[in-house]
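When a ligand or atom number is given, it counts from 1 through the structure's own listing order.
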Amino acid sequence: MPDKGAKPRHIAIVMDGNGRWAKKRFLPRFFGHKAGVDSLVRVVQACIDRNVEQLTVFAFSSENWKRPSDEVSGLMGLVLAAVSKYLARMGAMGVQIRIVGDRDAVSDKLRKAWNEAERVTAHNHKLVLNVAFNYGGRWDIVQACRKAIAAGVPAESLTESRLNEFMAMSHAPDPDLFIRTGGEVRISNFLLWQAAYTEFVFSDCLWPDFGEKELDAAIAAYRERDRRFGGVKAEEPQPC
Ligand code: FPP
């Protein structure tokens, strides 16, 4: 269990506010997402510099398909372009890329790009970048249950830790710190299972403006928290 004051090993981020960032500049929303990719690259480097081990970002939720079709196709194209633009750089930075989410619904081209990004960065260990794409926390719980049933796990041996083995983020410790930018104060179906004891920091900063200063502020707020995981402080009197 991490002590108070310890640095977060795993940070999860809802990168919200791209659309408003663009609107403020009288630009189409796409340009906010484009600036959001650059912000992500900066934050990846900042996490490496701060010895963060895992960074998990919400790039496209199961519910984002409800957006106008031109925004959805713009985002898909942007992600494909970002993979080809930044893959070599991410590799050189020591980033291991993992995609978490339902790949069945994305185009063959994007699925191939994801597979390639995972393959060529699999040996990297500076930072694991988990990109949640076509991901939803409820989807994750359901797919884990289905996998457990398909694997023949008897109901009586299905414990929390056994089910966790089937979750999309089973390779990572639960997030210590969950940051949401853009001023909204909700979880939006992100990491529902994994965030049971995660500390939340909400920032008004729009994602394209989020950088080292804002990351350090979130980490500092996290380090002030007293994480008890449902227990009590060591110095508190225990009930008889
Ligand atoms: C939320 O802002 C942002 C998204 C739905 C997309 C985030 C995606 C990226 C930053 C690109 C990631 C790219 C890769 C390669 C992983 P919003 O559109 O809801 O903003 P708003 O609340 O201001 O409208």
Examine distances only and state if a side-chain atom of Asn189 and a backbone atom of Gly136 form a donor-acceptor pair shorter than 3.5 Å. no

Thr121 side chain vs Gly91 backbone, donor-acceptor pair below 3.5 Å: no

For Arg67, side-chain contact (heavy atoms from CB on, under 4.5 Å) partners two or more places apart: Arg29, His33, Asn64, Glu71, Val72

Is a donor on one side and an acceptor on the other found under 3.5 Å between the side chain of Gln143 and the backbone of Phe166? yes

Indicate yes or no for a side-chain donor-acceptor contact from Arg98 to the backbone of Leu129 under 3.5 Å, with no hydrogens or angles considered. no

Give the numbers and elements of all ligand 1 atoms closer than 4.0 Å to a heavy atom of Asn64. 5 (C)

Less than 3.5 Å between some nitrogen or oxygen of Leu78 and one of ligand 1, yes or no? no

Numbered in order shown, the ligand 1 atoms found under 4.0 Å of a heavy atom of Val131 are 16 (C)

Give a yes or no answer on whether the side chain of Arg225 reaches the backbone of Phe200 with a donor-acceptor pair at less than 3.5 Å. yes

Quick one: look at Glu63 and ligand 1, take heavy-atom pairs under 4.0 Å, and tell me if it's side chain, backbone, both or neither. neither

So that I can tick it off, tell me whether Arg50 and Asp216 are bridged by a salt bridge, with the cut-off set at under 4.0 angstrom between side-chain N and carboxylate O. yes

So for ligand 1, is Trp21 a polar contact partner (N or O within less than 3.5 Å, distance only)? no

Counting only heavy atoms from other residues, nucleotides and ligands, does the tally under 6.0 Å from CD of Glu63 exceed 12? yes

Under 4.0 angstrom from ligand 1, any heavy atom of Lys23? no

closest protein heavy atom to atom 3 (C) of ligand 1 is Met15 O, 3.2 Å

Between Tyr135 and Trp139, how do the two ring planes meet: parallel, tilted or perpendicular, split at 30° and 60°? perpendicular

I'd like to check the ring pair (Phe, Tyr, Trp, His ring centres under 6.0 Å) partners of Phe60; sequence neighbours left out, ordered by chain and number. Trp65, Phe133

With heavy-atom distances below 4.0 Å as the criterion, list the atoms of ligand 1 near Leu40. 16 (C)

For Gly182, is the nearest heavy atom under 4.0 Å from an atom of ligand 1? no

Using distance alone, determine whether Arg20 and ligand 1 share an N or O pair under 3.5 Å. yes

Protein contact to atom 19 (O) of ligand 1 [nearest heavy atom, distance to 0.1 Å]: Arg67 NH2, 2.8 Å

Taking only non-hydrogen atoms of Ala82 and a 4.0 Å limit, the atoms of ligand 1 in range are 15 (C)

Here the atoms of ligand 1 under 4.0 Å from any heavy atom belonging to Val37 are 11 (C), 13 (C)

May I ask whether Glu184 has any heavy atom positioned less than 4.0 angstrom from an atom of ligand 1? no

Do ligand 1 and Arg29 have nitrogen or oxygen atoms that lie under 3.5 Å from each other? yes

So the atoms of ligand 1 within less than 4.0 Å of a heavy atom of Asp16 turn out to be 1 (C), 2 (O), 17 (P), 19 (O), 20 (O), 21 (P), 22 (O)

For atom 7 (C) of ligand 1, which of the options Asp38, Asn18, Val83 provides the nearest non-hydrogen atom? Asn18

